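Since this is a predicted model, take the numbers as computed values, not measurements. Along the sequence shown, the residues carry numbers beginning at 1.
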Amino acid sequence: MASSKLMMVVAVIAIASFCMPSTVAQTRHIVGDTFGWNVPSDGTATYTNWASRQTFNVGDTLLFNFTTGFHDVAEVSQAAFGPCTTASPISNNATGPTTLTLRTAGNHYYICTFGTHCNLGQKLMISVRGSSTTPTPTGSTTPAPAGSMTPPPPASSSSSFTAVVPVTFLAAALAFFY
């Protein structure tokens, strides 16, 4: 009798675990890796090459590491991105370092609105996927540029990953003890 009750509990837990959504770690991308968010000497190649080595998913974050008062990060439309139009940004963050969460799939465009920084290559276009099934690699942890009044991000892992043990495995383990 006890054996059949245990089997029923295990079956219910196993079925319930299949109904639970899976948890996926979001990735924290440090824009430009050790270069940070600065005016590159090679035009747009710095950020284009960096973005090509990343996989961006909804829920991931972008860390723009820059010195307040010397740079900013504005999200702009595709039409504003090419000619570096700063008139009507979607958002503008002037305090560095800035972390932005990727909330929608599709292309996203970021520029620096200071002087000619965007025209010199301080601009980033990324393509964000709707979801992820596996964690993705991240950039390295970057200290804030010299002269920044803001402390650098923590030297810990650049992505936060919460390990989730599926209930199915716990139920199976408990079944072996009874």
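Distance check, rounded to the nearest 0.5 Å: OG1 of T67 to CG of N38 gives 7.0 Å. Rounding to the nearest 0.5 Å gives a distance of 6.5 Å between CG of N119 and OG1 of T116. Note: L102 CG to D60 CG = 6.0 Å, rounded to the nearest 0.5 Å. Rounding to the nearest 0.5 Å places CD1 of I90 at 8.5 Å from OH of Y110. Atom CZ of residue F66 and atom NE2 of residue H117 lie 12.0 Å apart, to the nearest 0.5 angstrom. Taking CG of L100 as the start and NE2 of H29 as the end, the distance is 12.5 Å to the nearest 0.5 Å.
The disulfide (SG to SG under 2.5 Å) analysis of residues 28-66, with sequence neighbours excluded, yields no pairs.
Nearest approach of A51 to I126, heavy atoms of both residues: CB-CG2, 4.2 Å. The two residues P40 and G43 come nearest to each other via the heavy atoms CG-O, 3.0 Å. Residues V58 and A105 share a closest heavy-atom pair of CG2-N, 3.6 Å. Summarising the geometry of P97 relative to L63, their closest heavy-atom pair is CB-CD1, 3.8 Å, with the distance given to 0.1 Å.
Taking 4.5 Å as the limit, some side-chain heavy atom of W50 sits within range of a side-chain heavy atom of V31.
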(request) With side chain to side chain contact (heavy atoms under 4.5 Å, CB included) as the test, would you mind laying out the steps for F64 and I30 before giving the verdict? (result) CA-CA 6 Å; F64 289 85; I30 300 174; over 6 Å; no

(message) Evaluate N107 against Q78 for side chain to side chain contact (heavy atoms under 4.5 Å, CB included), listing each step before the verdict.
(response) CA-CA 8 Å; N107 292 337; Q78 180 180 6; 5.7 Å; no

(request) Please test T48 against T46 for side chain to side chain contact (heavy atoms under 4.5 Å, CB included), starting from the C-alpha separation and ending with a verdict. (result) CA-CA 6 Å; T48 300; T46 295; over 6 Å; no

(request) Quick one: do T27 and F56 satisfy side chain to side chain contact (heavy atoms under 4.5 Å, CB included)? Show the steps, please. (result) CA-CA 8 Å; T27 301; F56 303 98; over 6 Å; no

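With sequence neighbours excluded, no residue forms a disulfide (SG to SG under 2.5 Å) with C112. Partners of T113 under the side-chain hydrogen bond (donor to acceptor under 3.5 Å, both in side chains) rule, at least two apart in sequence or in another chain, are D72. Under the rule for a side chain to side chain contact (heavy atoms under 4.5 Å, CB included), the partners of A45 that lie at least two apart in sequence or sit in another chain are D42, N49.
Hydrophobic cluster membership of Y109, counting Ile, Leu, Val, Met, Phe, Trp and Tyr whose side-chain heavy atoms lie under 4.5 Å apart directly or via other members: V76, F81, I111, M125. Through direct or relayed side-chain contacts under 4.5 Å between Ile, Leu, Val, Met, Phe, Trp and Tyr, L120 connects to V39.
Taking the six-membered ring where the residue is Trp, the centroids of W37 and F114 are separated by 6.0 Å or more.
Look at D33 and R53 and you find a salt bridge, because one of the NZ, NE, NH1 or NH2 atoms lies within 4.0 Å of a carboxylate O, short of that distance.
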